[in-house]
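Here is the structure we will look at, set down as structure tokens.
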Amino acid sequence: MKIKILGTRANIKLHDYEHELFTGILIDDLILIDIGEKLFLENNPKLILITHYHPDHAYFIKDHSILKLPCPIYGPEKNKFVPESRILKEAITWQNYHIIPIATLHSLKVKSQGYIIENEDKRIFFSSDIAWIKKENLKTLARLDLIITEASHIKKGGFIFRNKNNEIYGHMGIPDTIKMFRNHTDKIVFIHLGSWFLRDINSGISKIKQLEDKNLNLEIATDGKEYFV
Ligand SMILES: [Zn+2]
Ligand SMILES: [Zn+2]
């Protein structure tokens, strides 16, 4: 599979010429996961998956435009700006791909899910923004050739909150996502780079690279970067 990272910027004001665009991942020029920018639609995807309806993952939330698409669009819930959006709760087969939604915890206001994409014997997972993934859902990840996840916060513990019903929301820290995912893969690609990274990119890269070891390769994507599995 060819995985093209279209955008690597978290929902922040800071940006850089290599980290200008919000979230979008294009798989084999066919499947688009998240539409952080309208221009991602110019790739003419044949299938769209939304991880959650936050504006940096679904640009149309910002401009309140009604989105009409020539292809199917699935997400964890329906959205009023995309009347044709469908809910994906179970795995589906589409062309040569097997797509498995993995429920995640991230926001109290919107539902969220990551996606495992399988093609032949290759498997990748995009977590999108996460405060937590329940154990029973983590099990489904099994072994993956690549995990793409968020890098909003470098500090251990990230920014996690609980409401009075003890429901969890926010963003995990990078040390926590590494700990969660390392038994499932030997390669993690970070996108959704937060202010901590964009304030000083070289130091940001080295902070992530310091967490690497011989069993785990950590990559920091730039807008437009391609990975192959
Ligand atoms: Zn979000
Ligand atoms: Zn986000």
Side-chain angles (χ1 to χ4, degrees), residues 3-16 18-26 32-41 48-64 67 73-82 85 87-88 101-115 125-134 137 147-155 157-163 167-174 176-178 180-181 188-199 204 208 219-225:
I3 300 113
K4 185 170 185 176
I5 309 293
L6 302 176
T8 56
R9 177 181 167 200
N11 196 10
I12 54 169
K13 289 212 174 76
L14 287 176
H15 56 101
D16 171 82
E18 288 190 313
H19 307 287
E20 192 70 44
L21 306 174
F22 294 123
T23 303
I25 295 174
L26 188 64
L32 175 63
I33 313 182
D34 284 351
I35 329 173
E37 308 281 347
K38 190 175 188 176
L39 76 97
F40 295 166
L41 293 173
I48 297 176
L49 305 169
I50 300 289
T51 62
H52 63 301
Y53 288 99
H54 273 166
D56 56 319
H57 301 256
Y59 76 92
F60 43 87
I61 309 283
K62 261 173 293 195
D63 62 12
H64 288 220
L67 192 60
I73 176 165
Y74 292 98
E77 58 193 334
K78 285 185 75 70
N79 185 272
K80 64 177 176 182
F81 297 116
V82 203
S85 58
I87 300 172
L88 191 68
I102 300 290
T104 57
L105 304 176
H106 164 53
S107 162
L108 298 177
K109 292 191 177 138
V110 299
K111 290 186 180 170
S112 58
Q113 61 194 19
Y115 296 98
F125 174 62
F126 173 42
S127 75
S128 196
D129 301 359
I130 41 170
W132 194 243
I133 301 178
K134 287 184 180 165
N137 297 328
I147 293 180
I148 304 160
T149 192
E150 64 146 316
S152 301
H153 303 290
I154 188 72
K155 83 174 175 84
F159 276 84
I160 301 290
F161 308 91
R162 280 173 194 276
N163 69 0
E167 291 171 303
I168 193 172
Y169 60 101
H171 297 266
M172 291 176 84
I174 291 173
D176 316 303
T177 48
I178 291 175
M180 175 180 266
F181 291 138
I188 300 176
V189 171
F190 289 98
I191 67 167
H192 205 278
L193 300 154
S195 303
W196 73 272
F197 183 89
L198 280 154
R199 269 196 294 270
I208 291 182
E219 297 276 333
I220 301 106
T222 49
D223 294 1
K225 184 148 184 177

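Start at 1 and go down the list; that is how both ligands and their atoms are numbered.
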**Report entry** Closer than 2.8 Å to the Zn ion (ligand 2) - protein N, O or S atoms, ordered by chain and residue number
**Finding:** D56 OD2, H57 NE2, D129 OD2, H192 NE2
Report task. If the plane angle is over 60° it's perpendicular, under 30° parallel, otherwise tilted; pick one for H54 and H52. Result -> perpendicular
**Report entry** Heavy-atom side-chain contact between W196 and I12 under 4.5 Å
**Finding:** no
Query raised in the report: So do D56 and H192 actually touch side chain to side chain, heavy atoms under 4.5 Å?
Result: yes
Requested in this report: Return the orientation label for the H19 and F197 ring planes: parallel under 30°, perpendicular over 60°, tilted otherwise.
Outcome: perpendicular
Report task. Would you sort out whether H64 and F81 count as a ring-ring contact (aromatic ring centres under 6.0 Å, His included), showing the intermediate values? Result -> CA-CA 7 Å; H64 288 220; F81 297 116; 5.2 Å; yes
**Report entry** Nearest heavy-atom neighbours spanning F40 and G7
**Finding:** CZ-N, 4.1 Å
